[in-house]
Amino acid sequence: MPGEAEIEAGRRLVREAGQIVALTGAGISAESGVPTFRGADGLWKTYRPEDLATPEAFRRNPALVWEWYDWRRQRIAAARPNPGHEALARLEKTKPRFTLVTQNVDGLHQLAGSRNLHELHGCLWTLRCVDCGEEREDRTVPLPAIPPRCACGGLLRPGVVWFGEPLPVETLQASLEEARACDLLLVVGTSAVVYPAAGVAHAAVEAGHPVIEINPDETPFTPHATISLRGRAGEILRRICPP
Ligand code: OAD
């Protein structure tokens with residue numbers, strides 16, 4: 001856990017910044033009981049992304065992919081936002097400009113009250129037709145056992161970004177622009193190994209802005225951070241953000 005001097009340095013950066021961007025990853029939802037991908041108990045330790053999180057996997061075995069996403073939706077439906085999500089939602093209300101850029105698909109930031117939000121990897125609570133591309137919000141839990149069809153006849157799939165798929169272009173561009181223009185960027189609970197998402201943090205560094213990393217572990221981004229606060233997102237954010 002960081003000492004009071006490090007926490008105070010983080011608190012000061014947050015206090016003095018008018019324009020803040022936060023880039024979050026699975027670690028911010030860990031304290032809500034949502035599994036991360038790469039930790040000791042991470043999803044990719046038990047499951048293979050190529051079997052479950054690629055367009056080829058869905059073409060090969062839509063029912064298997066559907067079942068896995070339904071299992072994740074059930075877990076997440078039972079989860080509540082934690083003090084980390086809540087601190088970022090409060091920060092949005094106190095700053096002239098605050099943008100939350102998340103790799104998470106769980107919807108917990110919205111539930112905590114965040115509004116200016118870019119979901120780089122889509123949303124688990126959206127279904128999209130593989131043929132006509134129409135999207136709809138769907139919060140049914142559990143889902144029907146086999147993927148339903150759109151009015152056009154196409155299969156519905158989770159509205160998330162899978163490996164090998166491009167990120168939503170405008171969302172990514174807007175996130176990079178915010179990162180280049182901010183006074184401070186927070187990188188919270190991400191292993192920072194998945195691109196282009198991790199590039200949002202590097203965009204702030206390249207533009208010369210301070211970056212605070214919050215993570216219990218070191219990541220490839222750590223050497224680029226102005227301050228690295230080692231600890232859980234809920235505890236650290238509660239200490240450096242306004243009450
Ligand atoms: P990862 O699972 O790769 O990394 C989670 C990070 O959270 C790790 O660095 C942990 O050390 C950290 N962590 C764990 N508990 C924490 C806590 N309580 N507070 C703060 N940090 C904590 O998750 P992401 O970086 O989000 O993409 O993964 C990026 C992308 O890879 C995901 O969006 C997903 C995945 O494959 C797709 O599915 C396309």
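This chain uses plain numbering: 1 for the first residue, then up along the sequence. Order of listing sets the numbers, starting from 1, for every ligand and every atom in it. Small disclaimer: the values here were computed from a predicted structure and weren't measured.
Of the heavy atoms in Arg38, both backbone and side-chain atoms come closer than 4.0 Å to ligand 1. Contact annotation: for Val194 versus ligand 1, heavy atoms closer than 4.0 Å belong to the side chain alone. With a heavy-atom cut-off of 4.0 Å, Ala233 touches ligand 1 through backbone and side chain alike. By the criterion of a heavy-atom distance under 4.0 Å, neither the backbone nor the side chain of Trp162 is placed next to ligand 1. Contact annotation for Val161 and ligand 1: only backbone heavy atoms (N, CA, C, O) come within less than 4.0 Å of the ligand. Under 4.0 Å from ligand 1, heavy atoms of Arg232 appear from its side chain as well as its backbone.
The pair Glu56-Arg59 meets the salt-bridge criterion, since a charged nitrogen lies less than 4.0 angstrom from a carboxylate oxygen. Salt-bridge annotation for Glu31 and Arg80: absent, with no side-chain N of the basic residue lying under 4.0 Å from a carboxylate O of the acidic one. Glu165 and Arg157 are joined by a salt bridge, as a carboxylate oxygen and a charged side-chain nitrogen come within less than 4.0 angstrom of each other. The pair Glu178-Arg97 counts as a salt bridge, with a side-chain nitrogen and a carboxylate oxygen less than 4.0 angstrom apart. Using a 4.0 Å cut-off between charged side-chain N and carboxylate O, Glu8 and Arg11 make a salt bridge. Glu213 has a carboxylate O that lies under 4.0 Å from a charged side-chain N of Arg230, or vice versa, which qualifies the two as a salt bridge.
Annotation for ligand 1: atoms under 4.0 Å from non-hydrogen atoms of Ala26 are 23 (O), 24 (P), 26 (O). Per-residue contacts place Phe163 under 4.0 angstrom from the following atoms of ligand 1 (heavy atoms of the residue considered): 36 (O). Interface of Gly25 with ligand 1, defined as ligand atoms under 4.0 Å from a residue heavy atom, comprises 26 (O). Less than 4.0 angstrom separates some heavy atom of Ala30 from each of these atoms of ligand 1: 15 (N). In summary, the atoms of ligand 1 found under 4.0 Å from a heavy atom of Thr190, numbered by their order in the structure, are 6 (C), 9 (O), 24 (P), 25 (O). For ligand 1, the atoms closer than 4.0 angstrom to any heavy atom of Asp217 are 11 (O). Every atom of ligand 1 is numbered from 1 in the order shown, and the set under 4.0 Å from a heavy atom of Glu31 is 17 (C), 18 (N), 19 (N). Interface atoms of ligand 1 facing Pro216, defined by a heavy-atom separation under 4.0 Å, are 13 (N), 16 (C), 20 (C), 21 (N), 22 (C).
Inspection of the Thr24 and His109 side chains reveals an N or O donor paired with an N or O acceptor under 3.5 Å. Side-chain contact check for Ser29 and His85: at least one donor-acceptor pair (N or O, by modelled atom type) lies under 3.5 Å.
Across the listed options Asn215, Thr36, Asn104, Leu120, Asn215 owns the non-hydrogen atom lying nearest to atom 11 (O) of ligand 1. For atom 32 (C) of ligand 1, the candidate residues are Phe37, Tyr195, Trp44, Phe221; the nearest heavy-atom contact is made by Phe37.
Because its NZ or CZ atom is not both nearer than 6.0 Å to the ring centre of Trp68 and within 45° of the ring axis, Arg73 does not count as a cation-pi partner of that residue.
Asp138 contributes no side-chain N or O that, together with a main-chain N or O of Thr126, makes up a donor-acceptor pair within less than 3.5 Å.
At the shortest separation from atom 17 (C) of ligand 1 among protein heavy atoms lies Gly27 O, 3.2 Å. Closest to atom 27 (O) of ligand 1, if we only count protein heavy atoms, is His121 ND1, 3.5 Å. Protein heavy atom at the shortest distance from atom 29 (C) of ligand 1 is Gln103 OE1, 3.2 Å. The protein non-hydrogen atom at the shortest distance from atom 6 (C) of ligand 1 is Gly189 O, 3.4 Å.
You'll find the side chain of Leu43 stays beyond 4.5 Å of the side chain of Thr36, heavy atoms only.
Within the structure, ligand 1 lacks Ala53 among the residues with a heavy atom less than 4.0 angstrom away.
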(message) Determine whether Trp162 and Phe58 satisfy the following criterion, ring pair (Phe, Tyr, Trp, His ring centres under 6.0 Å), listing intermediate values before the conclusion.
(response) CA-CA 10 Å; Trp162 281 328; Phe58 190 68; 5.5 Å; yes

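Counting heavy atoms of neighbouring residues, nucleotides and ligands inside a 6.0 Å radius, atom CD of Glu135 exceeds 12 of them.
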